[in-house]
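A short write-up of the structure that comes next.
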Amino acid sequence: MTAERYDARAAEPKWQKAWDEARTFETKNDDPRPKYYVLEMFPYPSGRIHMGHVRNYAMGDVVARVKRAKGFNVLHPMGWDAFGLPAENAAIERKVHPREWTYSNIATMRGQLKSMGLSLDWSREIATCDPSYYRHQQKLFLDFLKAGLVDRKKSKVNWDPVDNTVLANEQVIDGHGWRSGAPVEIRELTQWFLKISDYSDELLGALDHLDRWPEKVRLMQKNWIGKSEGLLVRFMLEGARDNLSEVEVYTTRPDTLFGAAFVAVAPDHPIAQAAAKDDKKLKAFIEEARKTGTSAAAIETAEKHGYDTGISAVHPLDPKRKVPVYVANFILMDYGTGAIFGCPAHDQRDFEFATKYHLPIVRVVQNGPEDAPGVPLLEADTGEDGTLVNSEFLNGLSVQEAKDAVAKRLEAASIGNRPTGKRQVNYRLRDWGISRQRYWGCPIPIIHCEEHGAVPVPDKDLPVQLPDDITFDRPGNPLDHHPTWKNVPCPVCGKPSRRETDTMDTFVDSSWYFARFTSPDRTDVPVDRKIADHWLPVDQYIGGIEHAILHLLYSRFFTRAMKKAGYTSLDEPFAGLFTQGMVVHETYRANGEWVSPEDIVITGEGAARGATTKAGAAVEIGSIEKMSKSKKNVVDPDDIIARYGADTARWFMLSDSPPERDVIWTESGVEGAGRFVQRLWRIVTGIAALAVSGKPAQFSEDALALRRATHAAIAAVDENIEALRFNVAVAKIYELSNAALTRLNSGADDASVRWALREAGETLVQLIAPMMPHLAEECWAVFGKDTLVARAPWPKAEASLLVSDTITLPVQVNGKRRDEITVPAAASPAEIEEAVRKLESVVRASEGKPLKKVIVVPKRIVNVVV
RNA sequence: GCGGUCGUGGCGGAACUGGUAGACGCAAGGGACUUAAAAUCCCUCGCCCGAAAGGGAGUGUGGGUUCGACUCCCACCGACCGCACCA
């Protein structure tokens, strides 16, 4: 047996070179085998890869390698989500050109990814900041424009005052910019929009068929789209100026119409605006409401305020009833009609409002005697179970019946030739504003002419390239400050015109890259339709949960838009989605300063667990958090790869924690993974040293036991990898390696044992190959193979070795395990019962009393009831 | 507030559709080898009683269904995540 240690540092580059030279992972589009497209979310080239990338790409690589071994033609590409703000920040802070900064980061990170030994087809690499990519994106934009999927409109936008740009609704989190974290302000700008809301219902409905997506993500998207079914209701007004004779409200609870206590409109509603013309107080109120609408702090504490306009609204079901019209700060102008009727008894906001302004609170839905009309409500009753009361012709109906009855009655009634009510479905999802006032993004290919308006850049002039000579010496968009770039003739009339200086939201870049990977060599079109239709959808997409809404929803829309524009034939880009957890690490502080894990020593365990710095100072162990530079709890993949090798890093990322949960990075965990690499190496070199001849006709009992372990491991590892339960697959590999090592250490005089050991060894190598590919190749060579294990077919479990002649069943007495019994596998339940009744432990436990019942569950368990 | 996910040893976690709870790894303890250390190998390792054999309770808490519950149902407690004036 060799005592040499496995040298990852020497072996890993060697095998990476071997794969490269054999073009092992380059994929041909015309390969006749069934296709399988594995994709991990491509990285932003921030500078260096982090452990999260290692985990993400290790998982994807396991899937890619296993599918390849199973005979699929696997597409597993990599690229760069390369436009974005950090490049501009680097330009400002360090005077580096965004392009230079980005490409140098890409070079570094490409090198790091290559050192991981991922089975990627690098010949398909793309970077979204490259004109060879974004020219097609500009073409797509223009085709979407033709297809009626683009809109240009003035709108209130979320303005990020730190990044100096517009954000989509999805990019505002708790009133703060998703990247800068700055409180978002509201501004009015003319913006380009992609009409994602045209697809609201389809994007919602199709979620039901995405059965290989996490339930959680589907639910988040469903809530985001926010479908509601309701009724538009017209209220006639008395006392409004500017000929505003009515207000239309939107409601999902028309059944509660007889509980209406007021009508409220948004501060920006025309009625509010008109009323404010000769009401200074109202004007001030509206100003105030606007302010609180934008400041993030106010949103949290937001108290409901209203202003009585003095206008009356006539109840549409009973003209004798009149309710006051308020302007209220909690009404949103861009949802529904910007106006509501308030029913305090059955809506919590309306309840608070009515309480504050002493408006009547009348219950109209009753569910049980405790809801009697005389009993005052302490809060709104928002339940939809119950029966209508106090509601004239609706009395006695259920909520659903009443909704229908009101809708029918109002649809039939009309004022001025228009029906008083109209059913309407509303969505929370708004159109996707894609204009960004930034330099480092895809230019929007439009030229503004005074005469001809927004004119598309002709195809022959694409791409509209970003100019290189730009400066970042003043705030705002460098494209707008550029002396010449934006001055171009109108494509229609040739008169001096102005180029659009906004660039596209970078989420546009990532909304179709998966399609571009299918034919990245086509310079003439964004995608080759036939090839894209062949490869798409992505069979397995893997990435972080943080993209549950933004990226995934945009991509689903974009895929439909591409279909409409004639580029592909599919609706859904990702058939299978897996969201992996983060890599987290303990945090440490000494004297109020964050301390890096490298600089501390852990002492004790359990409650006594503590830490000191290497210099001996007391260290406070903090919470476990996502690795971040600011908390110094970062472990650099390069260091780990240099010290242990890529295989160890990959193995550790796949072990222990379920892939969808966070994994805690620990020093001892990596060491354990490193030990396993050496142990496997010893097992393999030990087995390889044994003399083996042909497959024996007879196996000894020991040999057979090992063979059973081998084939059970194949079955279990396969099953768990298919289900993406990498941690369990790893455990099953440990079991087989333990069995093999034990066998090896207790001697192998028997030829059939040696054969079984050899089988176990080779199987082990194949099973680890998707996770630790370099070690596997080295071991494969030790076994004398002159082929790559990366090209070897996936092992198959022999069915005959997965079953045995006898089985051991646990025996319970009254549900407690008391004994076990070994019976022939073919034994009938009656025979088993017979044998169990005679068991000494059963006789003892029953104390001579007759057995009430014996339950035999075939192949599982026997339970005796005494 | 609404919606969701999850609570299992010192730690990460496993347990197929209701059928031996704690696989596997980490940490810990003991031993072998060594001049010594590292590496490696062997043994022990959830809790309580017991020298052992064996026994008892046990998967956040309380109840229920079942021959049998980590798994299903009800209520509660806790952690995490998402949404949050969407009419």
Side-chain angles (χ1 to χ4, degrees), chain A residues 3 5 173-174 214-217 219-220 222-224 226-228 230-231 249-253 256 264 293 299-300 302-304 328-332 334-343 346-350 352-353 379 382 426-429 545-546 548-549 602 604-609 652 655-658 660-664 666-673 675-676 678-679 682 716 719-720 723 725 727-735 737-738 741-742 745 808-820 852-866:
Chain A
R5 286 175 65 79
I173 294 146
D174 289 335
E215 187 55 41
K216 182 181 168 151
V217 174
L219 196 73
M220 281 164 73
K222 187 179 169 212
N223 291 339
W224 190 265
K227 181 176 183 171
S228 75
L231 194 68
V249 307
Y250 176 74
T251 179
T252 54
R253 291 296 301 274
T256 63
I299 288 171
E300 316 244 323
E303 203 182 321
K304 286 160 191 50
N329 65 343
F330 63 96
I331 309 299
L332 305 172
D334 51 359
Y335 185 82
T337 61
I340 62 146
F341 81 81
C343 175
H346 302 287
D347 183 286
Q348 189 57 31
R349 291 157 304 173
D350 298 346
E352 287 166 31
F353 191 84
E379 56 177 3
T382 54
N426 260 354
Y427 298 92
R428 209 183 78 112
L429 183 68
I545 185 76
E546 65 273 20
I549 296 171
I602 299 286
E605 66 170 312
R609 196 162 173 279
F652 177 52
S655 316
D656 286 2
S657 289
E660 70 278 7
R661 278 198 225 166
D662 290 350
V663 59
I664 304 170
T666 61
E667 203 40 45
S668 52
V670 194
E671 279 168 15
R675 274 199 296 274
F676 180 68
Q678 298 302 335
R679 178 146 39 113
R682 280 195 307 277
E719 189 190 324
N720 283 295
R725 288 189 298 250
N727 58 322
V728 186
V730 164
K732 299 298 175 185
I733 291 172
Y734 273 118
E735 282 182 9
S737 76
N738 289 345
L741 186 62
T742 305
N745 286 344
T808 301
L809 296 173
V811 177
Q812 296 182 333
V813 177
N814 288 339
K816 295 260 173 222
R817 185 182 178 281
R818 282 298 123 111
D819 205 347
E820 57 185 34
K852 220 188 239 169
K853 205 171 173 188
V854 179
I855 295 143
V856 178
V857 184
K859 298 196 168 129
R860 291 251 181 249
I861 203 166
V862 181
N863 193 10
V864 179
V865 186
V866 180

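Letters A, B, ... are given to chains in the order of the sequence lines, protein chains preceding strands, and every chain is numbered from 1. This is a predicted model, so every value here is computed, not measured. Below, all heavy atoms of this structure are taken into account, side chains as well, without hydrogens, waters or symmetry copies.
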What contact category does [X] fall into here, base, sugar-phosphate, or nothing, at under 4.0 angstrom with non-hydrogen atoms?
X	answer
A:N738	sugar-phosphate
A:I733	nothing
A:T251	sugar-phosphate

Side chain A:R253 and base B:A87 donor-acceptor under 3.5 Å = no
Kindly indicate whether the side chain of A:N863 and the base of B:G68 share any N or O donor-acceptor pair separated by less than 3.5 Å?
-> no
Which label fits B:G64, syn or anti, where anti is any glycosidic angle not within 90° of 0?
-> anti
State which of [options] makes the closest approach to the side chain of [X].
X	options	result
A:M220	B:C24, B:G19, B:G82	B:G82
A:R817	B:U20, B:C67, B:C86	B:U20
A:K216	B:C81, B:G82, B:U40	B:C81
A:K853	B:C67, B:A21, B:C41	B:C67
A:R428	B:A14, B:C86, B:A87	B:C86
A:R818	B:G56, B:A15, B:A87	B:G56
A:A731	B:G82, B:C24, B:C86	B:C24
A:V865	B:C42, B:G12, B:C67	B:C67

Let me know, please, whether A:V663 or A:E671 comes out on the 5' side of the other along RNA chain B by nearest nucleotide.
-> A:V663
Pairwise P distance, B:A23 and B:A15 [rounded to whole Å] = 13 Å
Taking the same atom, C1', in B:G58 and in B:G9, what whole-Å distance lies between them?
-> 11 Å
Under a 3.5 Å cut-off for both distances, is B:U5 Watson-Crick or wobble paired, and to whom?
-> B:A79
Less than 4.0 angstrom between a side-chain N/O of [X] and OP1 or OP2 of [N], yes or no?
X	N	result
A:R5	B:U40	no
A:R679	B:C24	no
A:R682	B:C41	yes
A:N727	B:G12	no

Can you name the nearest heavy-atom pair linking A:S655 to A:N727, along with the distance?
-> C-CB, 4.1 Å
With distance as the sole test, does A:D347 use its side chain to make a donor-acceptor pair with the main-chain N or O of A:C343 at under 3.5 Å?
-> no
